[in-house]
Amino acid sequence: MNRAAATIEVDVLVAGGGNAGLCAALSAADEGASVMLVDRSPRWRRGGNTRHTRDIRYAHAEGDAMAQAPYPQDVFFADLAGVGEIPDLELAELLVAESQSLPSWMEAHGVRWQGPLRGSLHLDTNRFPLGGGTAMLNAYYRHAERAGVEVVYGTSAGDLRISSGRCTELTLSDAAGACGIAVKAVVVASGGLEANLSWLQRTWGGRAQSFIVRGTPDNDGSLLLELLEQGAAAAGSDLFHAVAVDARAPKFDGGIVTRVDTIPFGIAVNRNAERFYDEGEDAWPKRYAQWGQLIARQPGQIAYSIFDARAQGHYIPPLFPPLQASTLDELAALLDLDVPTFVETVTSYNRAVDDSRPFDHTRLDGRTAPGLDPQRSNWARALDCPPFCAYPVRPGLTFTYAGVKVDPSSRVQRSGGGSFKNVFAAGEAMAGNILTAGYLAGVGLTIGSVFGRIAGREAAHV
Amino acid sequence: MFDGQLVIEANRQFTLCNACRYCEGLCEVFPEMELRTAFSEGDLSHLANLCHDCRACADACPFSEPHEFAIEIPTLMSTLRAESFASLAKPAFLWRMLADRTSLMRLALLAGICAVAAIFVTGDPSAIIHRHRGSGSFYAVIPHTRLVVIAAAITVIALVAIAVSAWNMMASGPGGLGVLRSPRALAVAARDAVTLRNLKGGGGGCGDSASSLSRSRRHLHHLVLGGFVMMFASTVAAAIEQEFMGLIPPYQVLSVPVLLGTIGGIATAAGCLGFLLASTASRDPVRAPGSRRLDRSFTTLLLAAVLTGLLTLVLRSTVLMGPALILHLGVLGAFFITLPYGKFVHAIYRYLALVRAEVGADAPR
C-alpha cells in the first residue's frame, strides 16, 4: 500500500473477501456507503474458504423448486441445537429467522442455483449455488464491482486504532508497504485460525505440524487475535472442525477433493495397527466430522482407512487412488505397519462380525461386531475380498470455533461489557456465538450471509 | 487416437473433477463424467465433443492454475477435440494436408485451383468477361449440367468422408452404434444442438465473464447457423423455381431465393466476423492453439464464400459478373472439399455426443 494517507477514507472497510465479507460489502453498498473490501489472498485465490463451500442451509415455510420439502424455522433451530450447546440463543434464533430471506437476496446479488439433478446430492434443507462456492463468489465480486465497492487483493488489515470504543483508523499492508486508512466502520470478516500454526500449537503442541488445512493458507486469524487483545469478548472454543483427508493431500487448499469417506466401509487403524474408535457409530456423514479430531489424537496424527473390494461403488473416489495389495500382509508392509499386529486386528474384527443382519449402507443397519474394543455398531462386514485397500488419513482442518462475541447488530462485544460502536464481525470470526462443536451442513454459509448482511447494513449507518 | 501424455493428463483432471462434482449443474459433460472412474480414448473423445466450450466450469473451479492441482478443463477439452477431429478424419492424409498444416495461403490456393478448374469447365472462357443480361446469364458462364455434376460430386465425396468418420466415432465410443436406435434421444439431442442448451453455463446468464463470453458465442453461433440454414433454403427454393416452375436464374432481388440468400448471407457473415474477432489469442487465451487454427480457417472460408456470393449478386448485371461467379465457385469448391477436414465436423460429432449422453441419461445407474 503506497497511497498518500490523506486520500484514503471510506465509510466501511471490510476485512476479508469471503462470503461474509462480500455480503457485508454488498449490503453496505446497497445502503449507500462507500466501501472498500480487502482480501489478504492474491486475486486468483480470493474468497477464503468460501471457495470450497457447496451449499447453504435456509429455513423455508414451503417447498420450492430447489428444496422440495418445507424446512420450518423451528425444525432448523432444533437441528442446530442437536449439534451441540448453543452459547447465544438469541443470535441462533436471529440466524434461523433471517435465513429465510437469503435465497432472494442472493439472487438479487447475482447468485444462481442448481436444481435437483439426476443422481446427485440433494437436500431439502439446503440450496446449492450453481457451480459451488467459487462460482458464487465470482458472481458476488462482479456485483460488488458494479456497485462501486473498491476491492483490494493481497492486502491485510490490522493495527486498529480504537479509542472510547470506536475505531477511527487502521493500517492496510501489502507486499509494497503499509498505509493508514480512516474509517467510519469496520467489518471483520477475516475467517478463522486454521492456518495459524502457533495458535494451533497452544492446544495441540507439536502435533499441530502434521495437520492438513483444507482451505486457504491465509487464515491466520491475525485480525481476530488483535481484536481479542484490544478487549473484545471471546466466543466459541479452541477446538476445530476437521475431517479425515488423504495424508498425501497438499498441506493447504486441497478443498473437497482430498476428503476420504471410506471409514465406515471397513476399519480404521492407527500407526500401531490397532483400531481406536467405533467406525460405524452413527449416520455418515453426520459423524465423519469427528474423525479429524480422533486422528489428531493418534500417534503421529495419522490413521489408515482399511477396506476391501466390497466397498467399491459405496464412496466417491477422492483425488488419489487407494493403496492396494492382494493380501493383508502385503498391505501392512505397504503401509509400514507391524504385519502380525495388523493381521491380528483385521482377523479378530472379521471373526467378530455378526452376519445375521443384512448390510445396508443407506441406514444404520445394526450390523455389529460384538466383543470388540472399541466396539463396532453398524456396517460391520468382514474384510476378506481382495484387493485390500487403504487410504492413509490425517486431520483435515475445515474451520475453527474461536471468535469474538457479537450482539444481534453484529457489533463486537467488549470483555468488560458493552460493545465497540463501529466494529462488526461476521462469518467464521463470530460463528463461535452459535457453534462450539460439531457442524450442520451448509450452516457456515448461512452464518456468514446472515451476519454479513446485518453487519454491512449496520456499518453503513453508524 | 490421442497422445499418451494427453490421456494421462485428462484422466488426472477428470478424476479430480469427479471427486469434486461442483460443476455437475453446468452442462451435460460433468454428469457424463461421473458415470466413469477411468477414461478410455473413446470416453475422452465423447466428453470433448459433448463440451460446448462455454467456460462456466473455469469460472467455478477453485483448483485452476496457479493452484497446484492445475485444473483447466476448457483448454483440455479444446485440445482433445482438435485431436479427436484429426484422428477420426478419413482419409488421414487429407486431414494432414488440409487441416494440420492449414493456413489461409493454402486455402486461398485451393480456392484458386477450384476457380481455374471452373474456368476450364466453362468450355468457353471468352464468355466469362462479358456483360450477360436476363435469365440464364450464370449458365452462360458455366453450363448448368457441368455445374451440377461437379458440385454434386464434391458434396457426395465430402458427405461420405464425414459419414465414415462419424460412424467410426460412434462405433469406437461408449455405447457403440446402438445408441442411435433411440428416436427420442435423436430428437432431444437435435433440440439441444439447435438451441445450444449446453452453451449456457447451466442456464441464464449472470453477467460473469465466462457466461457473457458463452452468451456472445451462443448468439454468434445462432447467427452463423441460422444464416447457413437460410442460404441452404435459398438454394432449395432456387432449385424448385428452376426445375418445377421453369424459372431460370438470376432471380429478381425481391424473389424468395435472393432474399433468403442475402439475409442468410449477411447473418452468417456477421456471425463469422464476430467469431474471428472473439477468437484471437489475446481475447481467448484458453483455447488450445491447434483448435484455434481449425476454428479460424473454417470461419474464414465460410466468410469468404458468403462475401463472394454477395459480390456476385451485386455485380451480376456488370461485365464483372463472370469473374465474381468464378471466384465464388472457387471458394465454394474449397469450402466443400475441406468440409470433412476442419471445424465443420464439430456439428456432427457434437450432435452424436448429445445423442449418446441422452441415451446414457435413460440408462439405470
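Here is the naming used below: chain letters follow the sequence lines, and residue numbers restart at 1 for every chain. Worth knowing before you read on, the calculation uses all heavy atoms, side chains too, and leaves out hydrogens, waters and symmetry mates.
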Contact winner vs chain B - A:Leu137, A:Thr258, A:Thr53, heavy-atom pairs under 4.5 Å: A:Thr53
Pair B:Arg36 + B:Asp43, salt bridge at N-O below 4.0 Å: yes
Largest heavy-atom contact set with chain B, pairs under 4.5 Å, which of A:Gly254, A:Gly255, A:Pro321: A:Gly254
Region of B:Cys17 that comes under 4.5 Å of a non-hydrogen atom in chain A: neither
Option in B:Cys61, B:Ala19, B:Cys23 with maximal non-hydrogen atom pairs under 4.5 Å from chain A: B:Ala19
For B:Phe30, ring pair (Phe, Tyr, Trp, His ring centres under 6.0 Å) partners two or more places apart: none
Verdict with reasoning, B:Phe14 to B:Phe39, per ring pair (Phe, Tyr, Trp, His ring centres under 6.0 Å): CA-CA 8 Å; B:Phe14 291 175; B:Phe39 301 88; 5.2 Å; yes
Between A:Pro129, A:Pro250, A:Pro318, A:Gly132, the one whose heavy-atom pairs under 4.5 Å with chain B are most numerous: A:Pro250
Best-contacting candidate, A:Arg51, A:Arg45, A:His143, A:Met136, against chain B by heavy atom pairs under 4.5 angstrom: A:Arg51
Identified side chain to side chain donor-acceptor pair (under 3.5 Å) counterpart of A:Arg46 within the set A:Asn138, A:Thr216, A:Thr134: A:Asn138
Residues which pass salt bridge (Lys or Arg N to Asp or Glu O under 4.0 Å) with B:Asp295, listed by chain and number, not counting sequence neighbours: B:Arg287, B:Lys343
